[in-house]
Enquirer: 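Mind having a look at this structure? Questions to follow.
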Amino acid sequence: MDKYTFPCDPTAKPAAIVSGPNYRFTLINDTVLRYEWSEDGVYEDRASAFAINRNFTPPHYSVKDTAEQIEIITRNIHITYDKKRFSRSGLAIAFTAKVTDWGADWRYGETARDNLGGTARTLDEVDGRCDMGHGILSRSGFSSLDDSETMVFDSRGTVAPRRPGDRIDGYLFSYGHDFKAAMKAFYDISGRQPTLPRWALGNWWSRYHPYTANEYVELMDKFAKRHVPLSVAVIDMDWHQVKGDHIPHAGWTGYTWNKELFPDPEAFGKALHDRGLKITLNDHPHAGVHHHEDLYETMAKALGHDTSAKAPILFNPTDPKFMDIYLGVLHRSLEKHTCDFWWIDWQQGPISRIPGLDPLWLLNHFHFQDHVRQNGEGKGIIFSRYAGPGSHRYPVGFSGDSIVTWESLKFQPEFTATASNIGYGWWSHDLGGHMGGFRDDEMATRWVQYGVFSPIFRLHSSLSQWTSKEPWNYRKECCSTMEYFMQFRHRLVPYLHTMNVTGGAEPLVRPLYWEHPTREEAYQKPNEYFFGSSLVVAPITEPRNPDTGMAKADVWVPPGRHVDLFTGLVYDGDREIQMFRSLETIPVLAPEGSIIPLDAEADPKNGCKNPAELDVVIVVGKDAKFTIVEDPNDDDTDGTAHRKDSKAREITIEYNQSEGRLRVSASSKCWRFIFLAVRAVPSNVQVKIGGTDVDKCEVYVEDTVKPLGLVVRGPKNPTGDVDVEVMLGADPQLSVIDRTARLTAWLLAAQMRFDLKDKVMAAATEGNKSLGSRVGSLMSLGLDAGIVGPVLELLTADSR
């Protein structure tokens with residue numbers, strides 16, 4: 001089983017340890033204390049499901065040891081312990097961080113009352129909110145994590161339960177307001193998030209439906225014909241035999257292709273691969289391998305299983321030999337042509353034949369290690385449910401079968417962001433909801449928009465004929481919006497993949513309080529979140545007003561001026577505001593000094609290959625820097641060469657505000673630069689390639705195709721080994737929008753009385769009157785908040 005080993009360093013330095021006959025404290029670093037109690041004085045130095053690294057430079061500390069108690073004092077904590085079995089009265093820790101007016105302390109067994117949550121094993125049958133458990137972050141500035149019952153790993157990658165007996169193994173995190181330091185410590189101990197394959201960041205198609213091979217391929221072709229790119233084809237359980245008198249169980253488990261639906265699995269796999277798609281097959285492994293399966297005899301021979309009575313090969317993830325054959329024989333034979341990775345659909349709970357070994361943990365760990373071993377670092381992926389702290393090492397997460405309601409949609413952004421508090425960054429939801437609920441085209445559209453700005457985009461639905469998520473099944477306005485956003489998801493991949501490669505200790509989606517832990521506003525907007533390094537997203541999760549056609553999001557604009565990526569509206573920072581959007585868009589904000597690279601293909605292709613042409617969106621106002629990271633294996637070639645160890649390609653983009661100069665490091669790509677919300681063409685724009693002026697370049701203001709702003713496009717870099725520069729002139733600024741033009745366009749579409757439109761326009765554009773006077777005039781009309789709100793947003797967004 002050495003093949004399943006993974007990098008870990010679980011034994012702490014002796015200098016970090018303070019111990020006695022039945023207790024051991026390990027000062028892992030300035031942030032984390034490990035506390036252990038054991039009735040036999042034997043402690044755990046193996047890696048656990050949560051903690052795989054404990055060997056760090058210990059912090060400075062002092063010890064006061066008497067017969068009755070021991071005190072350990074560090075820069076952050078003061079431990080007092082009575083040398084007995086840990087108890088609420090016997091083990092207490094005081095914190096030096098001044099996060100509250102009354103201070104803070106912890107007693108063994110307590111949980112910080114204002115813990116900010118973690119995540120849940122599944123959203124199966126959830127309609128609205130569910131319990132998200134506990135994470136690492138709390139507003140008290142500390143948290144504890146009980147690791148007493150998780151499984152452990154030996155040096156060969158084999159798993160085992162904890163030793164029997166009365167044992168306590170816990171971790172205390174102390175960080176004050178430094179939430180990012182707390183999460184860095186978490187990732188240091190529990191391991192970083194692995195890099196996903198680039199193609200995983202595109203659009204996934206999934207439906208629980210007994211497709212035939214021809215139907216599935218024809219559906220993929222229809223997406224392509226409508227210019228909607230995909231990257232992953234999910235084949236639910238009907239790929240294998242499900243029904244029939246010859247199947248001796250309920251049919252959920254299966255490893256033999258259903259030849260009635262898929263007469264030639266190899267040809268089906270080739271057809272999807274030829275279309276640039278990766279394939280995942282659904283596996284419910286709990287029933288094992290029965291005598292009707294094609295691979296029954298092969299598995300039996302490998303395991304030494306007696307087949308004389310056609311006895312089933314029972315699923316036993318606690319047996320290392322079984323897992324090795326299950327992966328190396330059973331799954332490997334199915335992976336040859338028509339399976340690139342597995343959807344592990346384990347729903348049977350945490351109990352196995354060996355107490356303390358959760359089958360889901362075992363499946364996730366061994367499947368992921370096996371996939372990495374087959375494909376190389378950064379290419380490993382599984383699709384499975386969350387199993388507890390440490391699960392972030394085995395992406396991607398399948399959140400389960402949620403209910404199709406607005407309540408479910410409203411909860412998912414908060415649920416996804418909060419999962420970052422336990423390090424879990426790659427949730428994939430059944431976008432649009434899975435089952436139950438009701439048909440609502442507007443809700444489905446908003447769910448797709450949220451999905452584009454979530455970690456993994458995957459449409460899915462139940463077996464019902466009414467719930468399939470093809471965009472063209474919805475009303476025309478909804479269909480066009482869904483298709484646009486699915487195209488935009490693939491355009492985002494250069495940005496997403498860079499976050500994927502560089503964000504091992506920082507999830508793609510993060511709550512606002514990660515960056516602003518002392519600001520109350522950051523806690524009051526749970527559905528608003530940071531999306532990568534440069535974007536703030538506030539999904540629309542409620543129906544629109546029937547009169548205005550607008551729906552709202554309650555937004556806190558973080559400090560610093562921000563620009564909406566889709567509308568070009570500029571907002572003053574550090575303020576709360578209601579943002580109103582038509583069905584076509586949601587609030588996506590970028591602060592001054594942002595750079596967002598996008599695929600410039602007008603018709604993005606399947607598979608998310610490295611693009612030959614890039615759009616680079618720049619928000620002027622502050623200096624900025626962004627380094628695009630690409631893997632040469634993802635270049636759009638014929639796919640014949642695969643270099644597991646190829647070096648990453650980096651393209652650095654730097655913007656200097658005072659000079660108005662943008663510089664791109666050597667690259668053979670074509671470039672189009674979009675200076676967001678800059679609506680005036682400077683008189684002296686210059687483009688240089690390798691220091692030489694370029695005469696033929698396009699410079700114009702784009703005011704119809706998003707993102708909106710000043711566009712500069714030069715010829716292709718002829719050699720690819722020199723820099724590209726764009727000079728706008730000194731200190732360029734975001735333009736002040738024409739409020740009257742925006743208001744006119746909005747009022748034109750509003751479904752309301754014409755005389756009210758006149759009154760709104762007059763109140764909002766009263767000559768040279770102050771903003772306060774115009775707002776007062778508007779409010780005096782006594783109109784519904786849903787009508788006044790969009791006008792107030794427009795008037796107050798930007799104070800310039």
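Starting from 1, each residue takes its place in the sequence as its number.
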Enquirer: What is the minimum heavy-atom distance between W343 and S206, and which atoms define it?
Expert: CZ3-OG, 4.1 Å
Enquirer: State which residue, out of V396, V232, I456, fulfils the side-chain contact (heavy atoms from CB on, under 4.5 Å) condition with F383.
Expert: V396
Enquirer: With respect to R491, which candidate in L598, V452, L614 satisfies the side-chain contact (heavy atoms from CB on, under 4.5 Å) definition?
Expert: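 Only one of L598, V452, L614 forms a side-chain contact (heavy atoms from CB on, under 4.5 Å) with R491, namely L598.
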Enquirer: Among T416, L535, L496, find the residue that satisfies the side-chain contact (heavy atoms from CB on, under 4.5 Å) test when tested with L508.
Expert: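 Filter result, single survivor: L496.
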Enquirer: Anything under 30° is parallel, anything over 60° is perpendicular, the rest tilted; go ahead and classify Y175 against F179.
Expert: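 Perpendicular, since the angle between the ring planes exceeds 60°.
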Enquirer: Does any donor atom in the side chain of N633 or R198 lie under 3.5 Å from an acceptor atom in the other side chain?
Expert: no
Enquirer: Mind jotting down which residue pairs meet the salt bridge (Lys or Arg N to Asp or Glu O under 4.0 Å) criterion with at least one end in residues 555-573? Sequence neighbours excluded, please.
Expert: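 Qualifying pairs, neighbours excluded: R561-E592, D564-R581.
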Enquirer: Which value, rounded to the nearest 0.5 Å, describes the distance between E521 atom CD and H516 atom NE2?
Expert: 10.0 Å
Enquirer: Measure the shortest side-chain to side-chain distance between R575 and S799 over non-hydrogen atoms and say whether it is less than 4.5 angstrom.
Expert: no
Enquirer: Side-chain donor-acceptor pair under 3.5 Å between W205 and E470, yes or no?
Expert: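 No.
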Enquirer: Quick one, F223 with W472, criterion ring pair (Phe, Tyr, Trp, His ring centres under 6.0 Å). Give me CA distance, side-chain angles, the key distance, then yes/no.
Expert: CA-CA 10 Å; F223 272 103; W472 52 88; 4.8 Å; yes
Enquirer: Under 4.0 Å between a side-chain nitrogen and a carboxylate oxygen: does that hold for R742 and E793?
Expert: no
Enquirer: Would you compute the distance between atom NE2 of H562 and atom CG of D798 and round it to the nearest 0.5 angstrom?
Expert: 13.0 Å
Enquirer: Could you tell me if D731 and Q733 have a donor-acceptor pair between their side chains, going purely by distance under 3.5 Å?
Expert: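 Yes, D731 and Q733 have a side-chain donor paired with an acceptor closer than 3.5 Å.
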Enquirer: Hey, would you say the W426 and Y394 ring centroids sit under 6.0 Å apart?
Expert: no
Enquirer: Examine the side chains of N421 and Y513 and answer whether a donor and an acceptor come within less than 3.5 Å of each other.
Expert: yes
Enquirer: W447: which residues meet the ring-ring contact (aromatic ring centres under 6.0 Å, His included) condition with it, sequence neighbours left out?
Expert: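 Checked W447 against ring-ring contact (aromatic ring centres under 6.0 Å, His included); zero matches.
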Enquirer: Grab the two heavy atoms, one from F341 and one from C339, that are nearest each other, plus how far apart they are.
Expert: O-SG, 3.2 Å
Enquirer: What is the distance from atom OG of S231 to atom CH2 of W199, rounded to the nearest 0.5 Å?
Expert: 7.5 Å
Enquirer: Can you name the closest pair of heavy atoms from G380 and V372 and give their distance?
Expert: CA-CG2, 3.8 Å
Enquirer: Can you tell me how far apart CD (E659) and CG (L728) are? Round to the nearest 0.5 Å.
Expert: 11.5 Å
Enquirer: Could you walk me through whether E601 and K609 satisfy the salt bridge (charged side-chain N to carboxylate O under 4.0 Å, His left out) test, starting with their C-alpha distance in whole Å, then the side-chain angles of each, then the deciding distance to 0.1 Å, before giving a yes or no?
Expert: CA-CA 11 Å; E601 292 286 340; K609 294 294 186 180; over 6 Å; no
Enquirer: Find out whether L201 and M499 are in side-chain contact, i.e. whether some heavy atom of one side chain is under 4.5 Å from a heavy atom of the other.
Expert: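 No; the side chains remain at least 4.5 Å from each other.
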Enquirer: Is the closest side-chain donor-acceptor distance between H497 and N500 under 3.5 Å?
Expert: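 H497 vs N500: donor-acceptor pair found between side chains.
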Enquirer: Start with the C-alpha gap between K180 and E515, add the side-chain angles, then the distance that decides, and say whether salt bridge (charged side-chain N to carboxylate O under 4.0 Å, His left out) holds.
Expert: CA-CA 8 Å; K180 297 184 80 169; E515 302 289 341; 3.0 Å; yes
Enquirer: Check G451 against F457 and note the closest heavy-atom contact, atom names and distance.
Expert: C-CD1, 3.4 Å
Enquirer: Using a strict 4.0 Å threshold on nitrogen-to-oxygen distance, state whether E506 and K184 make a salt bridge.
Expert: no
Enquirer: CD of E584 to CZ of F566: how many Å apart, nearest 0.5 Å?
Expert: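 Separation between the atoms: 12.0 Å.
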Enquirer: For a side chain to side chain donor-acceptor pair (under 3.5 Å) check, start with the C-alpha distance between D635 and N610, then their side-chain angles and the critical distance, and finish with the verdict.
Expert: CA-CA 5 Å; D635 288 344; N610 293 326; 2.9 Å; yes
Enquirer: Could you list the donor-acceptor pairs under 3.5 angstrom formed by side chains in residues 697-705, with sequence neighbours left out?
Expert:
| unit_1 | atom_1 | unit_2 | atom_2 | d |
| --- | --- | --- | --- | --- |
| E702 | OE2 | T704 | N | 3.0 |
| E702 | OE2 | T704 | OG1 | 2.8 |
| E702 | OE2 | V705 | N | 2.9 |

Enquirer: Would you call D636 and K605 a salt bridge, using N to O less than 4.0 angstrom?
Expert: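 Judged by the 4.0 Å cut-off on N to carboxylate O distance, D636 and K605 do not form a salt bridge.
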Enquirer: Got V493 and D599 here, is their nearest side-chain heavy-atom distance under 4.5 Å?
Expert: no
Enquirer: Could you tell me which non-hydrogen atom of P604 sits nearest to which non-hydrogen atom of P229, and how far apart they are?
Expert: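 Nearest heavy atoms, P604 then P229: O-CB, 3.3 Å.
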Enquirer: What heavy-atom pair brings N606 and R275 nearest, and what distance separates the two atoms?
Expert: ND2-O, 2.8 Å
Enquirer: Less than 4.5 Å apart, side chain to side chain, heavy atoms only: is that true for H392 and S190?
Expert: yes
Enquirer: So, taking the atom named CD in Q487 and the one named CG in L492, what distance separates them when rounded to the nearest 0.5 Å?
Expert: 12.5 Å
